[in-house]
Protein chains: 2
Amino acid sequence: MSLDGPTMDERIPRDFETLRATILDRRESLPKRIAQIAAYALDNPDDIAFGTAASIAASAGVQPSTLIRFAQQLGFDGFTSLQQVFRERLRERNSSYDERLQALRAKAEGGAGHRAIFDGFVAAASTSLDDISRTLDDAHLEDAISLLAKAQTIYVLAKRRSYPVATYIAYALGKLKIRNQLIESAAGLNAEMIAFATPADAVIAISFSPYAPATIEEARTISEQGVPIVAITDSSFSPLAQFARVWFEVAEADFAGFRSLSATMALAMALTVGVGEKRRDMGRKRKG
Amino acid sequence: MSLDGPTMDERIPRDFETLRATILDRRESLPKRIAQIAAYALDNPDDIAFGTAASIAASAGVQPSTLIRFAQQLGFDGFTSLQQVFRERLRERNSSYDERLQALRAKAEGGAGHRAIFDGFVAAASTSLDDISRTLDDAHLEDAISLLAKAQTIYVLAKRRSYPVATYIAYALGKLKIRNQLIESAAGLNAEMIAFATPADAVIAISFSPYAPATIEEARTISEQGVPIVAITDSSFSPLAQFARVWFEVAEADFAGFRSLSATMALAMALTVGVGEKRRDMGRKRKG
DNA sequence: TATGGATTGGAATTATTATTTCATATTCCC
DNA sequence: GGGAATATGAAATAATAATTCCAATCCATA
């Protein structure tokens with residue numbers, strides 16, 4: 001009475017991720033040889049995309065007919081339509097990292113419309129991330145996190161272009177329930193705010209060339225009070241570097257006169273969440 | 001005497017880059033139809049990798065036999081072996097990009113130290129950028145820029161996690177000498193600020209789930225005043241979307257509970273600089 | 001351990017696809 | 001402008017690959 005078959009309303013997977021999920025889901029209930037080809041398909045998706053039914057079957061150690069049964073069991077009408085999904089997957093994943101960046105840059109430079117601008121910013125952000133993940137020094141990261149984790153209050157100091165990073169740090173520290181103070185210029189009370197900082201506190205200062213004079217001045221003042229500073233800046237000649245206990249050099253790529261913030265943001269978040277984690281560890285040790 | 005043919009020592013390109021160079025090199029000396037398919041091949045390498053001789057030929061506007069002649073002229077013995085090169089390219093480039101991100105994610109998940117946290121944020125940012133550059137709709141971008149370029153004042157509305165983006169937009173608009181107003185909560189005068197906005201202005205509103213109620217309320221008020229809104233949000237169900245004239249869906253990857261901002265930042269910068277450019281064009285037309 | 005149903009292997013068949021061929025058109029050189 | 005060499009189009013042919021079919025095997029159940 002019950003008539004199974006392709007006319008049933010079982011949805012046939014159109015994209016690779018759905019297909020993968022479907023296969024994983026049914027894994028247990030599949031016959032031995034079908035399961036064998038299913039495993040092969042998930043392990044060697046490229047082979048499915050490029051091979052012929054015969055070659056794939058041979059590699060997986062089954063008969064071509066089994067491969068077709070596998071496809072049909074998933075709701076496709078044959079191997080060919082199953083293969084389409086595997087090919088689509090390769091198509092959609094765009095070029096290798098380098099090719100991708102090259103393509104973006106080319107589009108950004110050659111292209112006419114506003115899409116080119118967008119591509120330019122994406123390329124700049126990618127380049128910056130690439131760069132920082134290669135150059136970041138693990139030891140500096142550890143040092144900075146230790147230093148900040150010990151602070152009673154973390155002051156965050158940044159102006160102009162770096163200010164968005166500062167606000168994100170303040171937001172994240174707040175969510176992690178870490179006492180912090182964003183030094184903003186709005187009310188003109190910076191000097192007073194800074195005066196409260198003691199050597200038991202710490203500062204995250206962010207400034208890039210051309211360095212906002214106010215940031216540098218405030219960093220000087222605060223370091224003279226004996227408050228340790230973690231600096232994020234763009235060169236070892238940066239005036240910030242000389243006041244800092246630990247400092248990071250972050251090279252952000254720019255486009256259309258605006259530098260990316262992606263690398264700085266990633267570092268800022270790592271510092272923030274790192275401090276949060278360290279604090280939890282310290283709390284546990286003290287109690288335990 | 002001179003015996004041309006496949007036995008000559010002309011090297012047949014085995015990898016895509018060599019092939020590309022070879023084609024570019026001979027471009028001038030190729031017959032019309034062969035040149036036509038050569039151009040098509042370099043412009044649509046994916047089609048060559050997956051299509052059939054007939055389908056490719058049709059897309060390129062030539063006969064299948066021409067496609068084969070093209071392959072032979074490059075030293076291959078037929079279309080099939082030429083196609084191999086295009087397939088190999090897809091295979092290789094894919095693994096490199098995937099492996100890259102997977103490696104980062106693996107390090108982030110497996111790694112012990114704080115470096116793992118950092119890698120996690122870099123991976124999240126990369127993924128987000130990757131994603132947005134695939135999904136961003138060019139037409140929406142154009143619409144949004146046109147709309148904003150016409151505005152007398154651009155209001156920027158964002159709270160909490162989105163606030164850093166808003167501050168960067170405000171900074172960039174300021175540098176481009178475009179009149180703008182950041183709607184901040186500090187002084188509690190938001191309602192008064194918003195009341196100044198007219199239909200001749202425009203708003204960039206940014207909010208992600210969980211949507212800050214204040215942002216939604218302010219967006220509603222301002223849209224009821226007839227001020228057009230460009231929204232950046234994370235889902236078509238977002239309450240922001242319903243008030244917006246144009247809206248962008250940006251899916252940011254997250255790590256350790258904090259979402260990346262890299263994709264949103266890239267989009268924000270593209271909008272800002274796009275508006276700056278459009279304004280300059282408009283000014284030139286009016287004068288000329 | 002017999003029996004029915006599901007699963008599998010392998011060859012036969014059908015379909016699709018690459019390649020070849022040949023007539024026609026175009027180009028280039030004398 | 002004429003003729004040879006080259007290039008192109010279109011259909012015929014050859015090759016390759018997908019699919020189907022049926023007999024053999026396996027497995028669970030009575």
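Scope of the values below: all heavy atoms of this structure, side chains included, with no hydrogens, waters or symmetry mates. Chain letters run A, B, ... following the sequence lines, proteins first and then strands; every chain starts at 1.
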Subject >> Whole-Å gap separating P (dA12(C)) and CD1 (I68(A)) >> reply: 17 Å
**OP:** Report which part of the nucleic acid I34(B) touches: base, sugar-phosphate, or nothing (heavy-atom distance under 4.0 Å, all strands).
**Re:** sugar-phosphate
Original post:
So which one's nearest nucleotide on DNA chain C is more toward 5', K32(B) or T80(B)?
Top reply: T80(B)
Original post:
To the nearest Å, how far apart are L82(B) CG and dA18(C) C1'?
Top reply: 13 Å
Original post:
Nearest to the side chain of T52(B), which nucleotide is it out of dG9(D), dT8(C), dA18(C)?
Top reply: dA18(C)
**OP:** Would you tell me whether R69(B) and Q72(B) have side-chain atoms, one donor and one acceptor, within less than 3.5 Å of each other?
**Re:** no
Subject >> Carboxylate-amine/guanidinium proximity below 4.0 Å for D46(B) and R87(A) >> reply: no
Original post:
How long is the line joining CG of D77(B) and P of dT16(D), in whole Å?
Top reply: 11 Å
Subject >> For atom CZ of F79(B) and atom C1' of dT17(C), their distance in whole Å >> reply: 10 Å
Original post:
Taking the six-membered ring for Trp, are F121(B) and F255(B) parallel (under 30°), tilted (30 to 60°) or perpendicular (over 60°)?
Top reply: perpendicular
Original post:
Would one find a side-chain N or O of Q72(B) under 4.0 angstrom from OP1 or OP2 of dT20(C)?
Top reply: yes
**OP:** May I ask you to evaluate whether Q63(B) reaches the phosphate of dA10(D), defined as a side-chain N or O under 4.0 Å from OP1 or OP2?
**Re:** yes
Original post:
Nearest-Å distance, CD (Q84(A)) to C1' (dT16(C))?
Top reply: 14 Å
**OP:** Return the value, rounded to whole Å, for the distance between atom CZ of F76(A) and atom P of dT19(D).
**Re:** 12 Å
Subject >> Distance-only donor-acceptor check, side chains E249(B) and S235(B), under 3.5 Å >> reply: no
Subject >> Candidate nucleotides dT8(C), dT19(D), dA17(D), ranked by approach to the side chain of P64(A) - the nearest >> reply: dT19(D)
Subject >> Side-chain donor-acceptor pair present, S262(A), S262(B), cut-off under 3.5 Å >> reply: no
**OP:** Write down the distance between CD1 (I48(B)) and P (dT17(C)), rounded to a whole number of angstrom.
**Re:** 16 Å
Subject >> Side-chain N or O of S65(B) closer than 4.0 Å to phosphate OP1/OP2 of dT8(D) >> reply: no
**OP:** Rounded to the nearest angstrom, tell me the gap between atom CD in Q83(A) and atom P in dA15(C).
**Re:** 19 Å
Original post:
Given dT8(C), is OP1 or OP2 found less than 4.0 Å from the side-chain N or O atoms of Q36(A)?
Top reply: no
